[in-house]
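Some notes on the structure that comes next.
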There are 2 protein chains.
Amino acid sequence: MAPPSQRHVDTSNGVHHSGGDAFPVETETTVPPPGSRQLDAEEFRRQGHQVVDFIADYYARMGDYPVHPGVTPGFLRRQLPQEAPPRPEPGAFAAALRDVRDLVLPGMTHWQSPRHFAHFPASSSTVGALGEALAAGINAVPFTWAASPAATELEMVVVDWLGKALHLPEGLLFHGGGGGTLLGTSCEAILCALVAARERKLAEVAGRRIGDLVVYCSDQTHFAVRKAARIAGIHRDNFREIATHRDDMFALSPTELRAAMQADVDAGLVPLFLCATIGTTQTTAVDPVRELCAVAAAHGVWVHVDAAYAGSALVCPEFRHVMRGGEAVDSFSMNAHKWLLANNDCCALWARAPSLLTAALGTEQEYILKDAAAEGHDVVDYKDWSMTLTRRFRALKLWLVLRCYGVEGLRDHVRVHVRMAASFEGMVRADARFEVVAPRQFALVCFRLRSPEKFGGEKTANELNRTLLEEVNGTSSGPYMSSAKVGGVYMLRCAIGSTLTEERHVREAWKVVQDRAASLLRKMEIIYSVLA
Amino acid sequence: MAPPSQRHVDTSNGVHHSGGDAFPVETETTVPPPGSRQLDAEEFRRQGHQVVDFIADYYARMGDYPVHPGVTPGFLRRQLPQEAPPRPEPGAFAAALRDVRDLVLPGMTHWQSPRHFAHFPASSSTVGALGEALAAGINAVPFTWAASPAATELEMVVVDWLGKALHLPEGLLFHGGGGGTLLGTSCEAILCALVAARERKLAEVAGRRIGDLVVYCSDQTHFAVRKAARIAGIHRDNFREIATHRDDMFALSPTELRAAMQADVDAGLVPLFLCATIGTTQTTAVDPVRELCAVAAAHGVWVHVDAAYAGSALVCPEFRHVMRGGEAVDSFSMNAHKWLLANNDCCALWARAPSLLTAALGTEQEYILKDAAAEGHDVVDYKDWSMTLTRRFRALKLWLVLRCYGVEGLRDHVRVHVRMAASFEGMVRADARFEVVAPRQFALVCFRLRSPEKFGGEKTANELNRTLLEEVNGTSSGPYMSSAKVGGVYMLRCAIGSTLTEERHVREAWKVVQDRAASLLRKMEIIYSVLA
């Protein structure tokens, strides 16, 4: 039997993208059905199989796409009409899919490319993608228990499953008196925790003292915390980004935190909230949770742990030490969509006292249907745990991922990437022209090209590495990396975590870095000899 | 050729749900592949076709499910293990799908049921669901232009397409110097607008006056505004819910708004933000945008229009009058996932001055990759337009929906529901035992059973209708509606908008209401005669 993608194929409209032949998309000449047929089962079946083949073909060609497209701003806007069509053309769905193939995909950054090493991974899986598809097909809005009992309960089950798999303190799980929820992003999770902390503190201190509340983090903390503080009305002067140092591997120092809090108290301010990070964005630094909690406790400060990226690594026993002392944290969040095969978006937030979340974010309305069956039960209405009413059925995806890969499967997934990162780190260390700037902790390698003394040494190092990154990312068949600048030092970041990445992609990436570096140094040598 | 769902079928594990025979799910005995095979193209094809058939079968049986399940809290948690499996069982994916069919679906509220008339619709389409699936498969994270140029540009194109289709003022579109973005929910949109307004105002007024800022809305405004105000640090005493009246069809009165603002100014407070609503949650009241804007302008107040539900109706010329005077609003949001066939979630937010959004929410970081191609261009980085960094490629779904149904198709979609709602309203009016409480404006009918004088008239009316709703919703093959309580009057809400709803479902729903009402009145008659 020919697979659906090989039936009635028309590639006449196919613009060939730079990665090779475009994959086929079926043509169709039907006119979309009117009215209630817009959710017709057979129409869905027909279109759905097309989409599945489309995505599968895209995965099969993933390695052929340049990770980052060579396009200039406006490239797509110029190609599309300025208005939506009044009526769909015949065969609109297949025509639109062809445009996705020929216009959209060539302009995408391909986050699933095996050569995507920038930012942090957005690790996909077939089960994660299909979990999203299934939830979108069911299309429930589980804002209360009554609004979809199974969706709420599956979310409760799956956050406990995940929390146990990550070996989180029992007190954060429903099982242990706390509880969790699934949100879109860490930005939301941090904001929810901050608002809960703020409301608790404002109830404690007399008067209208929102202007006196102070938020703490390090200069390595993700800007999500600054954003959350700004949104929550914390005064811009009351946001403390405590400086970190290379000696401490860029971790937040409890001593400096203690001093900062004391200074604020002495100035009549009110310490409110600390965000500690396990795995910072720039270099995956790990803040010392236990010691920071002790400092925070002295001032009644809420401690949130942001483990957006590295939280996934807690699935492996060998990484659990980074959460030592976590029993004392008030809340914890991580993005299962980053490194745990649950496609974007899927941020899990746990709190030791969910009642503080609901006290801050909860609302009662006549138009929210109660359910007679729920009366007398202490049901969870997730609308009161976050900023939004409308929410998607994210639990389904995460549950499928945990169920279909298993905890051991997720460990394997993390370890494969850690192993490849170790191998990349080894190659960097073996080449004397380079240095590893921050020791690797998970699957991110931060490195730079040393600037030879005669070219200006440290003074030109940043510029040299900025150029190196541009050249590396400019090769259409090469890797795509990003950068960090910590303590004045510019470095390249190679974050390994794309599901499709194999050892050979890592070796090839390093080869490209070496080649571009050699070429760059050669050019500088020529310029130097001309100028000398 | 047999469709995939008829091959190798095993229903031995099939628990029959109350709606009839469970639909088949394929069995499989393969063990999930390790490592990078987790995003294997052929594995995706195999699992993907299963999921498509699963969803199609679910749609085909949709009418058979009771809209709301007869389950009690804990029903699902009790049935699932307390921990994730260490290793997946053989054929885990098919087994999980069977559990979705047999454990999860029977516990869902089926928002796509043709008999779902509660809340507001979450109108699905095949294209909307598959747009989500496609975006999940591509799994990009388009937080900046560089992080996925095509995703950013398609979002810019599609918000202009949608804005034009809704006939929004040009000043809100990119085309006219404003601009839009796609978020998850109206709660987010309102919060973003409020924070932008707050930052602008705080820059204008001297000192730390966040405690003096006042937010205005009506007592009919969605609790999203109260939630946003709380999150944004507006003092609880500074939140004005201005009372509405039945005479004004529960719309916000400009006269009362003016008086409230003046009183606040006289008290030394600072009017900040007004949220006007087009189509309130309880009765779809329409606030008079033009007149409210004039009042707000006198105090430099930011005006946001929340058209979460009724914004979709603006696609029809006959509804555009509700946005009269909209040229003066600062921002506008609507949920395309409610009534415009774009599955959950898809909230569009437009602002007249996006620079105020980015001034309030924007951040600069070294680790955010710039793109050489973008240099010198004024590119849109959507991370600076909202609360979050991580975002999904929602534009793809909305673009597919607009393209595949066309503006006329969306008009037809809205009009079909409006027509059915008018028909339902007509049936209510034709039965003297009932009354329409708030005149229908879109596709929501608010009605109640009159309480006969001898049973206590107005005094017992609310209790009577509360019981009526419980009985209506308690019939497993009947409709599912919700309630409102406005001006002390409890009423039933019949919101028509499910894509699968046809005229016959509306007639049957009314028949159930009539039958339950008759039975209820009969019972009361008996009790009355016993007591009399």
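Residue numbers start from 1 in every chain, and the chains themselves are labelled A, B, ... in the order their sequence lines are given, proteins ahead of strands. Side chains included, hydrogens not; waters and symmetry mates left out as well; all remaining heavy atoms used.
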Sort [X] into side chain, backbone, both or neither according to what part of it lies under 4.5 angstrom from a heavy atom of chain A.
X        : result
B/Arg391 : backbone
B/Val104 : both
B/Leu154 : both
B/Pro81  : both
B/Val195 : side chain
B/Leu105 : side chain
B/Leu402 : both
B/Leu361 : both
B/Leu191 : side chain

Heavy atoms only, distances under 4.5 angstrom: which of [options] has the most pairs with chain B? Name it, please.
options                                : answer
A/Pro142, A/Ser148, A/Gly184           : A/Ser148
A/Arg198, A/Lys338, A/Glu188, A/Glu199 : A/Arg198
A/Ala140, A/Ala151, A/Ala133           : A/Ala140
A/Cys187, A/Pro149, A/Cys347           : A/Pro149
A/Arg392, A/Lys164, A/Lys397           : A/Arg392

Portion of [X] that has a non-hydrogen atom of chain B nearer than 4.5 angstrom:
X        : result
A/Leu410 : neither
A/Leu400 : side chain
A/His175 : side chain
A/Val127 : both
A/Gln82  : both
A/Ala60  : both

Anything under 30° is parallel, anything over 60° is perpendicular, the rest tilted; go ahead and classify [X] against [Y].
X        : Y        : value
B/Phe75  : A/Trp145 : perpendicular
B/Phe44  : A/Tyr59  : perpendicular
A/Trp399 : A/Trp161 : tilted

> Do A/Val51 and A/Phe93 have side chains that get closer than 4.5 Å, going by heavy atoms?
Replying inline: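 Side chain of A/Val51 against side chain of A/Phe93, heavy atoms only: contact under 4.5 Å found.
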
Determine the option with the most heavy-atom pairs under 4.5 angstrom with chain A, choosing from [options].
options                                : result
B/Asp160, B/Val379, B/Leu341           : B/Leu341
B/Thr390, B/Val407, B/Asn344, B/Asp345 : B/Asn344
B/Thr109, B/Asn139, B/Leu134, B/Thr185 : B/Asn139
B/His110, B/Glu83, B/Met156, B/His337  : B/Glu83
B/Pro85, B/Gly409, B/Ser498, B/Ala360  : B/Pro85
B/Gly70, B/Gly211, B/Gly48, B/Ala228   : B/Gly48

> Quick one: does NZ or CZ of A/Arg77 land under 6.0 Å from the six-membered ring centre of B/Phe174, within 45 degrees of the ring axis?
Replying inline: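 Positive - A/Arg77 is close enough to the ring of B/Phe174 and near enough to its axis.
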
> Looking at B/Phe223, does the NZ or CZ of B/Arg230 lie under 6.0 angstrom from its six-membered ring centre and within 45 degrees of the ring axis?
Replying inline: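 No - B/Arg230 does not lie over the ring of B/Phe223 by the 6.0 Å and 45° rule.
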
> With a 3.5 Å cut-off and no angle check, do the side chains of A/Gln38 and B/Thr499 form a donor-acceptor pair?
Replying inline: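 No, because no side-chain N or O of A/Gln38 sits under 3.5 Å from a partner of the opposite role on B/Thr499.
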
> Would A/Thr126 and B/Glu43 count as having a side-chain donor-acceptor pair, cut-off 3.5 Å?
Replying inline: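 No - no donor-acceptor pair under 3.5 Å links their side chains.
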
